[in-house]
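As structure tokens, the structure follows; a few thoughts come after it.
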There are 2 protein chains.
Amino acid sequence: MSEQSDTISERLQNAMDGLTRAERQLAYSLLENYPVSGLGSITAIAQNAKVSTPTVARMVQKLGFSGFPDFQAALRREIEARISDPISKYKSWAEQAPDEHILNRFTDAVISNIRQMLTHIDITSFEESCALLADQSRALYVVGGRITRSLADYLFLHMQVLRPNVTHIQSISNAWPHYLLDVNKDDVIVIFDVRRYENSTLKLAEMAAERGARIILLTDQWRSPVHSFADHVFCGRITVPSAWDSSVTLLLLLETMIAAVQERTWDSSRARVEALEEMFDRTRFFRKFT
Amino acid sequence: MSEQSDTISERLQNAMDGLTRAERQLAYSLLENYPVSGLGSITAIAQNAKVSTPTVARMVQKLGFSGFPDFQAALRREIEARISDPISKYKSWAEQAPDEHILNRFTDAVISNIRQMLTHIDITSFEESCALLADQSRALYVVGGRITRSLADYLFLHMQVLRPNVTHIQSISNAWPHYLLDVNKDDVIVIFDVRRYENSTLKLAEMAAERGARIILLTDQWRSPVHSFADHVFCGRITVPSAWDSSVTLLLLLETMIAAVQERTWDSSRARVEALEEMFDRTRFFRKFT
DNA sequence: ATTCAAGTGAAGAAAATTTTTCAGTAAAGT
DNA sequence: ACTTTACTGAAAAATTTTCTTCACTTGAAT
């Protein structure tokens with residue numbers, strides 16, 4: 001019954017002529033601060049418009065809703081559509097394939113994960129973390145888990161180019177207590193820990209915290225227990241239509257951080273990057289072109 | 001009582017530690033489609049999070065609200081602030097930050113990369129590649145380059161769980177010719193090669209092709225020269241506002257492939273996955289819960 | 001193994017919201 | 001002036017929502 005393609009705002013406008021004095025007063029009140037003005041209880045709305053509750057009930061029925069709750073539900077859907085994305089509405093990602101193809105389903109999920117991560121991210125924390133990563137007076141350690149070791153490796157790789165004094169602590173190894181010996185107060189540790197949180201990682205975080213290290217944690221939406229030791233926590237959503245979790249959100253965050261650190265350190269890192277380029281050219285490790 | 005300056009989202013995050021399992025489940029559900037997810041009745045919210053209504057009532061009290069209606073009123077105020085405020089907010093990913101913030105610029109670029117990759121992807125090729133990866137009668141080799149070794153590692157890690165006979169050829173090592181000795185006709189090699197294409201990778205591809213191996217290449221939009229030896233080529237766009245390239249598109253493709261292979265091999269891989277789980281439980285390598 | 005504490009949801013009680021009824025009021029027509 | 005008609009809101013009835021109680025489960029601790 002309540003299903004028409006018009007927005008409630010349009011419906012109100014269109015119906016305006018057929019409305020009575022009190023109803024019109026109500027309609028204006030609703031449009032006043034649309035659409036949030038319609039969110040309270042029927043009583044609240046009535047009081048707000050200075051009409052009685054029956055008037056509200058009658059009017060929404062005139063608009064074609066089965067009752068006030070029906071009206072309000074429609075309003076909520078409108079708000080939802082308005083608040084959530086403008087972007088993901090694109091039809092299919094891989095146009096050759098049907099919507100249900102894994103490529104499209106997976107990508108939908110990832111895009112939604114990205115949006116969710118970004119709406120919850122704390123910009124100040126992000127900036128501070130980048131500053132910590134860029135601060136060459138602090139040694140930098142990177143730790144990953146079973147799955148996240150690839151991410152840790154990726155960060156390590158890039159940081160190593162940008163600055164000296166970067167260490168990748170291979171969590172598989174039993175040697176990590178040795179690394180901890182070198183961790184000083186105010187050094188920075190980036191820890192990756194997603195679900196199936198690892199005991200050894202937690203232990204390491206605890207000990208590092210005791211030594212006064214600054215901890216930056218990249219985890220999933222459920223937040224690894226490491227977060228209680230961490231100075232900065234970033235949660236990427238990792239759920240996708242798969243038996244596995246997705247690391248895309250965390251990689252995106254990581255790359256953005258790397259880009260931000262690069263900007264901050266460009267004065268000092270430029271020399272390193274250029275030296276590296278030169279070494280590659282000398283060793284003919286890479287093809288000169290194509 | 002319900003007045004604090006924090007947003008409900010922040011309050012949820014902060015309170016997370018003190019929450020119980022069901023409450024946490026609820027909190028995630030609320031953050032899932034925040035803030036509209038909290039607009040329905042307490043019953044609707046409970047069902048949505050698959051918890052009971054008392055759990056909802058208890059949790060909002062823990063957060064400091066006098067009751068559910070109090071909580072919902074606060075939420076409505078937040079929505080109001082968000083909707084009536086500047087309309088420009090819709091566009092940004094990270095809403096706290098301006099459009100020009102690196103987080104938003106970077107994400108824009110990545111989303112655009114993803115779209116471009118997917119519109120150019122060949123579905124048939126994708127399916128055939130997955131079939132090759134799933135075919136346990138063929139040995140599987142994974143090779144990465146300097147930067148892409150993390151991606152290679154990631155694929156290796158997952159494939160190793162799903163099937164036997166997977167090898168990660170560490171490109172840094174000088175030992176890869178030895179691996180090639182074992183490559184038989186119709187074995188599968190996944191090669192990662194993005195710009196600053198590596199000579200050694202090209203050489204390896206050539207020799208593997210000579211031995212009759214099937215080659216799947218993941219590269220960038222400029223296509224590594226390896227493509228002339230490859231049976232299937234996938235190009236991910238990698239340009240972002242950074243001095244570095246982005247691996248996000250390739251990771252997305254990779255994860256989608258892994259999911260597709262998982263589906264295809266579930267009958268046989270299930271046993272492997274479960275055995276692995278059991279081993280983890282035994283070694284108490286991971287935390288039981290939290 | 002047994003006890004204990006904590007957490008959870010079903011079910012019922014309490015409170016609220018929504019709908020209906022109905023009498024009063026104002027405007028239009030006779 | 002009187003009747004008719006339509007509109008409105010107070011109050012009661014019906015419904016829904018929220019809150020509380022309590023028995024059951026689970027995981028931890030002795």
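Chain A is the first sequence line, chain B the second, and so forth, proteins listed ahead of strands; every chain is numbered from 1.
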Check the side chains of [Y] and [X] for a donor-acceptor pair under 3.5 angstrom, ignoring hydrogens and angles.
| X | Y | value |
| --- | --- | --- |
| A/H227 | B/D17 | yes |
| A/N113 | A/Q221 | no |
| B/Y154 | A/S247 | yes |

Specify the separation, in whole Å, of atom [atom1] of [X] and atom [atom2] of [N].
| X | N | atom1 | atom2 | answer |
| --- | --- | --- | --- | --- |
| B/Q25 | C/dG9 | CD | P | 8 Å |
| B/L26 | C/dG7 | CG | P | 15 Å |
| B/I42 | C/dT17 | CD1 | P | 13 Å |
| B/L19 | C/dG7 | CG | C1' | 13 Å |
| A/D70 | C/dT18 | CG | C1' | 13 Å |
| B/I45 | D/dC19 | CD1 | C1' | 15 Å |
| A/M59 | C/dT18 | CE | P | 14 Å |
| B/F68 | C/dT17 | CZ | C1' | 14 Å |

Q. Do the rings of A/H168 and A/F156 sit parallel, tilted or perpendicular, given the 30° and 60° boundaries?
A.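 Tilted, since the angle between the ring planes falls between 30° and 60°.
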Are any side-chain N or O atoms of [X] and backbone N or O atoms of [Y], one a donor and one an acceptor, separated by less than 3.5 Å?
| X | Y | answer |
| --- | --- | --- |
| A/D187 | A/R138 | no |
| A/T148 | A/G144 | no |
| A/D70 | A/F65 | no |
| A/Q25 | A/A49 | yes |
| B/R24 | B/L19 | yes |

Between the protein and nucleotides 4-11 of chain D, which nitrogen or oxygen pairs come in under 3.5 angstrom?
from  : atom 1 : to    : atom 2 : distance (Å)
D/dT8 : OP1    : A/T20 : OG1    : 3.4
D/dT8 : OP1    : A/R21 : N      : 3.3
D/dT8 : OP1    : A/A22 : N      : 2.5
D/dT8 : OP2    : A/T20 : OG1    : 2.4
D/dG9 : OP2    : A/S52 : N      : 3.3
D/dG9 : OP2    : A/S52 : OG     : 3.4
D/dG9 : OP2    : A/T55 : OG1    : 3.1
D/dG9 : N7     : A/R58 : NH2    : 3.2
D/dG9 : O6     : A/R58 : NH1    : 3.4

Q. The helix from C/dA1-D/dT30 to C/dT30-D/dA1: angle between its terminal axes, five pairs each, to 10°?
A.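 Between the axes fitted at each end of the helix from C/dA1-D/dT30 to C/dT30-D/dA1 lies an angle of 10°.
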Can you pull every protein N or O that's under 3.5 Å from an N or O on nucleotides 23-27 of chain C?
none

(Q) Please find the pair of heavy atoms, one from A/R211 and one from A/L181, that lie closest to each other, and give the distance. (A)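 Here A/R211 and A/L181 meet closest at NH2-O, 3.2 Å.
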Q. For B/E255 and A/D245, which heavy atoms make the closest approach, and how far apart are they?
A.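 Minimum heavy-atom contact is OE2-O, 4.0 Å.
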